[in-house]
Amino acid sequence: MEYEALRERLRRTPALAAPLPAFDPRQAPPEPGPLFADWLTDALDDAVPEPHVMTLSTADAAGRPSSRVLMLRGFELDAGALGFVFASEAASRKGRELTANPHAALNWYWPRHGRQIRATGPVTALDRQAACEDFLGRSEPSRAAGFTGLMSAELPDTDAYSAYQRARAHAREIVSADPRAVPDGHTVYVLRADEAEFFQGDSGPDRFHRRLRYVREGERWTRRMLWP
Ligand SMILES: Cc1cc2nc3c(=O)[nH]c(=O)nc-3n(C[C@H](O)[C@H](O)[C@H](O)COP(=O)(O)O)c2cc1C
């Protein structure tokens with residue numbers, strides 16, 4: 001009972017409430033890349049908060065899933081392909097899961113536009129040169145963060161905070177002694193979509209949401225609307 005007021009607030013919190021853009025799937029491009037680029041441009045133009053933050057879902061060898069948010073670092077739209085680039089530590093939970101099961105899903109939700117995009121596909125780790133370019137393009141504090149501890153490993157039970165501070169101080173020394181230093185596990189990944197879906201919410205009384213799914217078959221994309 002103690003949380004009833006909070007549950008009530010939860011039930012009353014609206015979603016897809018704002019005036020939302022129109023989207024006619026019949027006018028959508030034959031491939032998903034240009035539509036992703038259009039929607040991302042709209043999000044940046046309209047100052048949708050952090051549109052480059054996306055949820056990455058991976059699964060371990062037994063199929064048990066896990067999710068976390070990451071930055072979209074770039075995208076590939078060559079020859080009809082649609083690839084999403086992100087960077088992380090290979091020894092992290094997601095890195096280990098991607099080694100065991102190199103298939104993943106990405107998801108974006110841009111509330112101001114009532115838009116959701118999801119993509120699934122195989123994930124490839126790029127070469128060391130890509131990792132170095134990505135890491136060395138970061139600010140010094142961000143590089144020091146990359147050398148602090150080992151992502152997803154447990155901190156010691158006692159004194160966790162000071163262990164963290166010591167590790168950060170050591171990381172700062174590494175980065176200032178060698179500005180070209182790159183952690184061994186820093187890795188750039190690309191998820192090359194074999195499926196991409198675009199959801200446009202409708203805030204009108206009919207809630208006439210639209211879903212358009214693209215599926216890649218060989219070199220071609222097919223697209224179909226889905227019931228919302
Ligand atoms: C806004 C935001 C952006 C993030 N961007 C990244 C990122 O680009 N790469 C990354 O490895 N972790 C990023 N993180 C941290 C991850 O969400 C996650 O905590 C970390 O990668 C460990 O995940 P794992 O244990 O599932 O491997 C970000 C977190 C937030 C809140």
Side-chain angles (χ1 to χ4, degrees), residues 36-37 39-40 42-44 46-77 82-113 115-157 160-161 163-165 167-168 170-172 174-175 181-193 196:
F36 178 80
W39 282 23
L40 179 63
D42 291 347
L44 291 164
D46 293 346
V48 167
E50 303 186 7
H52 56 334
V53 176
M54 58 193 187
T55 300
L56 169 74
S57 299
T58 53
D60 67 14
R64 283 175 297 231
S66 67
S67 295
R68 76 290 292 156
V69 295
L70 296 186
M71 304 286 206
L72 176 64
R73 307 277 300 166
F75 53 82
E76 299 175 346
L77 297 184
L82 177 56
F84 300 103
V85 180
F86 56 93
S88 195
E89 162 58 51
S92 68
R93 178 174 177 174
K94 77 184 82 53
R96 284 180 273 123
E97 291 187 358
L98 286 171
T99 301
N101 175 6
H103 287 263
L106 289 170
N107 185 269
W108 294 258
Y109 174 50
W110 295 327
R112 189 164 293 169
H113 289 159
R115 285 175 170 172
Q116 172 179 227
I117 302 175
R118 67 181 187 184
T120 57
V123 178
T124 310
L126 299 187
D127 62 13
R128 180 72 182 157
Q129 189 186 337
C132 292
E133 280 169 16
D134 176 82
F135 192 79
L136 296 174
R138 297 172 180 224
S139 66
E140 193 166 323
S142 163
R143 282 182 283 126
F147 272 103
T148 305
L150 184 60
M151 182 182 276
S152 311
E154 291 185 1
L155 277 154
D157 264 356
Y161 194 66
Y164 190 166
Q165 285 182 322
R168 176 57 55 82
H170 180 56
R172 281 201 206 96
I174 295 174
V175 166
V182 178
D184 290 342
H186 185 74
T187 306
V188 176
Y189 298 93
V190 186
L191 182 152
R192 295 199 169 91

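Start at 1 and go down the list; that is how both ligands and their atoms are numbered.
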Any donor-acceptor pair under 3.5 Å from R143 side chain to R138 backbone: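 Answer holds: yes.
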Under 3.5 Å side-chain donor-acceptor pair for R68 and T58: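 Yes, a side-chain donor-acceptor pair sits under 3.5 Å.
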Carboxylate-amine/guanidinium contact R115 D42, below 4.0 Å: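 Here R115 pairs with D42 in a salt bridge, since their nearest N and O are under 4.0 Å apart.
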Short N-O contact, D46 and R112, less than 4.0 angstrom: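 A salt bridge is absent here (no side-chain N lies under 4.0 Å from a carboxylate O).
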Region of M151 that comes within reach of ligand 1 [heavy atoms, distance under 4.0 Å]: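 Under 4.0 Å from ligand 1, M151 contributes side-chain atoms alone.
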Note the single closest protein heavy atom to [atom], along with its residue, its atom name and the distance in Å.
atom	result
atom 19 (O) of ligand 1	R68 CB, 4.8 Å
atom 13 (C) of ligand 1	L70 CD2, 3.5 Å
atom 20 (C) of ligand 1	K94 NZ, 3.6 Å
atom 15 (C) of ligand 1	V69 O, 3.9 Å

Within-cutoff protein neighbour (heavy atom, under 4.0 Å) for atom 26 (O) of ligand 1: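 Within 4.0 Å of atom 26 (O) of ligand 1, protein heavy atoms are found.
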Sub-4.5 Å side-chain heavy-atom contact between E97 and P65: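 E97 does not reach P65 side chain to side chain.
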W110 and F36 aromatic ring geometry - parallel, tilted or perpendicular at 30°/60° bounds: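 Ring orientation, 0 to 90° scale: tilted.
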Contact check: R93 vs ligand 1, nitrogen or oxygen atoms, below 3.5 angstrom: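 N/O-N/O distance under 3.5 Å: yes.
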Numbered atoms and elements of ligand 1 in range of A87, under 4.0 angstrom, heavy atoms: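 The list of qualifying atoms is 7 (C), 8 (O), 9 (N), 10 (C), 11 (O).
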Enumerated ligand 1 atoms positioned under 4.0 Å from heavy atoms of S92: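 Under 4.0 Å from S92, ligand 1 has these atoms: 27 (O).
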Pick from E97, M71, H186: the one approaching atom 8 (O) of ligand 1 most closely through a non-hydrogen atom: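 Going through E97, M71, H186 one by one, M71 has the nearest heavy atom to atom 8 (O) of ligand 1.
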Proximity winner for atom 24 (P) of ligand 1, if only heavy atoms of S152, S88, A145 are counted: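 That would be S152.
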Ring pair (Phe, Tyr, Trp, His ring centres under 6.0 Å) between F147 and F135, intermediate numbers included: CA-CA 11 Å; F147 272 103; F135 192 79; 5.8 Å; yes
Shortest non-hydrogen contact between A104 and L191, atoms and distance: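 Nearest heavy atoms, A104 then L191: O-CD1, 3.4 Å.
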